[in-house]
Amino acid sequence: MLVAAAICPCPPLLVPDVAAGAAPELDPVRAACLDAVGVLAAARPDRLVVLGPAADESGEGRYPQGAPGSFGGFGVELDVTLGAADGAAPAPGPQLPPSLAVGAWLLSRTAWSDAPVEGLGVAERLPCDRCRPLGRELAGSASRVALLVLGDGSARRSIKAPGYFDERAEAFDADAARALGTADTTALAALDDRLAADLLASGRSCWQVLAGAAEGAGLRGQLLREEAPYGVGYMVAAWT
């Protein structure tokens with residue numbers, strides 16, 4: 001059963017070493033993310049699953065605790081491991097996709113040791129009718145399951161955004177933020193996957209997996225932060 005969820009954006013810029021001189025601009029988002037992750041520990045889960053969008057097949061699938069990740073592709077010599085204690089040897093296998101590497105970094109900042117951790121790379125374009133059953137499966141995998149759900153809103157919020165400006169982007173993000181902030185699983189499930197793809201909203205599939213996991217759980221949501229620096233929508237929320 002799902003007992004808590006933290007929803008966070010996953011730009012590599014969230015990691016100060018990657019952001020470098022621009023790091024202070026995202027300090028409020030980082031602080032909100034750490035607050036959200038703190039909610040997970042307070043729920044005393046038996047299992048934590050970190051969900052992150054995967055842009056291609058190479059990043060999809062399950063990753064064990066201790067799976068390695070790196071920000072070397074962003075010009076920074078910084079390695080992370082998923083939920084592993086300091087000094088533990090990385091687990092064998094493929095490297096974490098960028099979204100899960102950001103999740104691993106967030107967990108490291110809170111020194112996570114409250115429950116076993118597993119990562120799951122979810123295809124960005126996974127249809128809604130496949131997202132919700134996956135969420136239900138995750139929720140039923142232990143007596144007390146917590147989710148760290150990663151993903152960004154539209155990357156088309158301004159003319160300087162990675163995908164340039166789309167006038168539909170702000171309304172899409174507003175609907176998503178409202179649903180995430182109120183734990184409205186019906187509204188999350190109703191997000192249009194084709195529109196999300198047009199708007200380069202990487203978080204849509206992971207949010208809809210969350211919607212499936214939270215069915216019948218009676219969780220309440222709180223929106224901790226919403227902004228769109230660099231023309232990309234970032235939402236932080238906690239469900240308890």
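As the structure is a prediction and not an experimental result, all values here were calculated from the model. Side chains included, hydrogens not; waters and symmetry mates left out as well; all remaining heavy atoms used.
Using a distance-only test at 3.5 Å, with no hydrogens or angles considered, a donor-acceptor pair links the side chain of Gln208 to the main chain of Leu188. With hydrogens and angles disregarded, a donor-acceptor distance shorter than 3.5 Å links the side chain of Ser154 to the backbone of Leu199. When atom types are taken as modelled, the side chain of Arg156 and the backbone of Gly163 share a donor-acceptor pair closer than 3.5 angstrom. The main-chain N or O of Ala123 is found under 3.5 Å from a side-chain atom of Ser205 such that the two form a donor-acceptor pair.
In Glu118, the CD atom is crowded: over 12 heavy atoms of neighbouring residues, nucleotides or ligands sit closer than 6.0 Å.
Here the CZ atom belonging to Arg125 is positioned 14.5 Å from the CZ atom belonging to Arg130, to the nearest 0.5 angstrom. Atom-to-atom distance recorded for Leu13:CG and Phe74:CZ is 8.5 Å, nearest 0.5 angstrom. For the atom pair CD of Gln222 and CD1 of Ile7, the computed distance is 11.0 Å after rounding to the nearest 0.5 Å. From Arg225, atom CZ reaches atom CE of Met235 across 13.5 Å, with rounding to the nearest 0.5 Å. Here CZ of Arg144 is found 8.5 Å from CE of Met1. Values are rounded to the nearest 0.5 Å. Between the CG atom of Asp173 and the CD atom of Glu227 there is a distance of 12.0 Å, given to the nearest 0.5 Å.
When each of Val117, Leu100, Val50 is checked for a side-chain contact (heavy atoms from CB on, under 4.5 Å) with Tyr63, only Leu100 meets the rule.
When all heavy atoms are compared, the tightest approach of Pro133 to Cys128 is CD-O, 4.4 Å. In this structure, Leu138 and Arg47 approach most closely via the heavy-atom pair O-NH1, 4.2 Å. Minimum heavy-atom separation, Leu34 to Arg109: CD2-CB, 3.7 Å. Nearest heavy-atom pair across Ser70 and Val80 is N-CG2, 4.5 Å. Between Arg30 and Trp105, the shortest heavy-atom distance links the atoms CD-CH2, 4.2 Å. The heavy-atom pair separating Gly221 from Trp239 by the smallest distance is CA-CD1, 3.7 Å.
By the 4.5 Å heavy-atom criterion applied to side chains, Pro68 and Asp79 are not counted as neighbours. Put simply, the side chain of Tyr230 reaches to within 4.5 Å of the side chain of Leu26, judged on heavy atoms. Contact of the Leu210 side chain with the Leu2 side chain is registered, since non-hydrogen atoms from C-beta on lie closer than 4.5 Å. Looking at Pro53 and Pro97, their side chains never come closer than 4.5 Å, going by heavy atoms from C-beta outward. Side-chain contact between Leu134 and Leu120: present, with at least one pair of heavy atoms (C-beta onward) separated by less than 4.5 Å. In this structure, Leu14 and Cys33 have side chains that are in contact, with non-hydrogen atoms separated by less than 4.5 Å. Between Val29 and Pro9 the shortest side-chain heavy-atom distance falls below 4.5 Å. Using a 4.5 Å heavy-atom threshold, the side chains of Val145 and Pro45 count as separate.
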*Candidate pair Val37 and Leu148, rule side chain to side chain contact (heavy atoms under 4.5 Å, CB included), full reasoning*: CA-CA 7 Å; Val37 174; Leu148 172 53; 4.2 Å; yes
_Could you go through Leu147 and Leu51, starting from their C-alpha distance and side-chain angles, then the distance that decides it, and tell me whether this counts as side chain to side chain contact (heavy atoms under 4.5 Å, CB included)?_
CA-CA 7 Å; Leu147 297 180; Leu51 302 178; 4.3 Å; yes
*How far apart are the C-alpha atoms of Asp184 and Thr182, what are their side-chain angles, what is the distance that settles it, and do they pass the side chain to side chain donor-acceptor pair (under 3.5 Å) test?*
CA-CA 5 Å; Asp184 188 337; Thr182 59; 4.6 Å; no
*Take Leu106 and Leu150, measure what side chain to side chain contact (heavy atoms under 4.5 Å, CB included) needs, and give me the verdict at the end.*
CA-CA 11 Å; Leu106 285 172; Leu150 301 157; 4.2 Å; yes
*Might you work through the side chain to side chain contact (heavy atoms under 4.5 Å, CB included) test for Arg204 and Cys131, ending with a clear yes or no?*
CA-CA 10 Å; Arg204 188 275 311 166; Cys131 292; 3.8 Å; yes
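Placement of Tyr234 and Leu200 in two distinct hydrophobic clusters is found when ILVMFWY residues are connected by side-chain heavy-atom separations under 4.5 Å, directly or transitively. Residues Val209 and Trp207 share a single hydrophobic cluster, defined by chaining ILVMFWY side chains whose heavy atoms lie under 4.5 Å apart. Residues Leu48 and Val3 do not share a hydrophobic cluster, defined by chaining ILVMFWY side chains whose heavy atoms lie under 4.5 Å apart. By the criterion of side-chain heavy atoms lying less than 4.5 angstrom apart, applied directly or through intervening Ile, Leu, Val, Met, Phe, Trp or Tyr residues, Leu82 is grouped together with Leu78 in one hydrophobic cluster. The cluster map of Ile, Leu, Val, Met, Phe, Trp and Tyr, joined by side-chain heavy atoms under 4.5 Å apart, puts Val102 and Val49 in different clusters.
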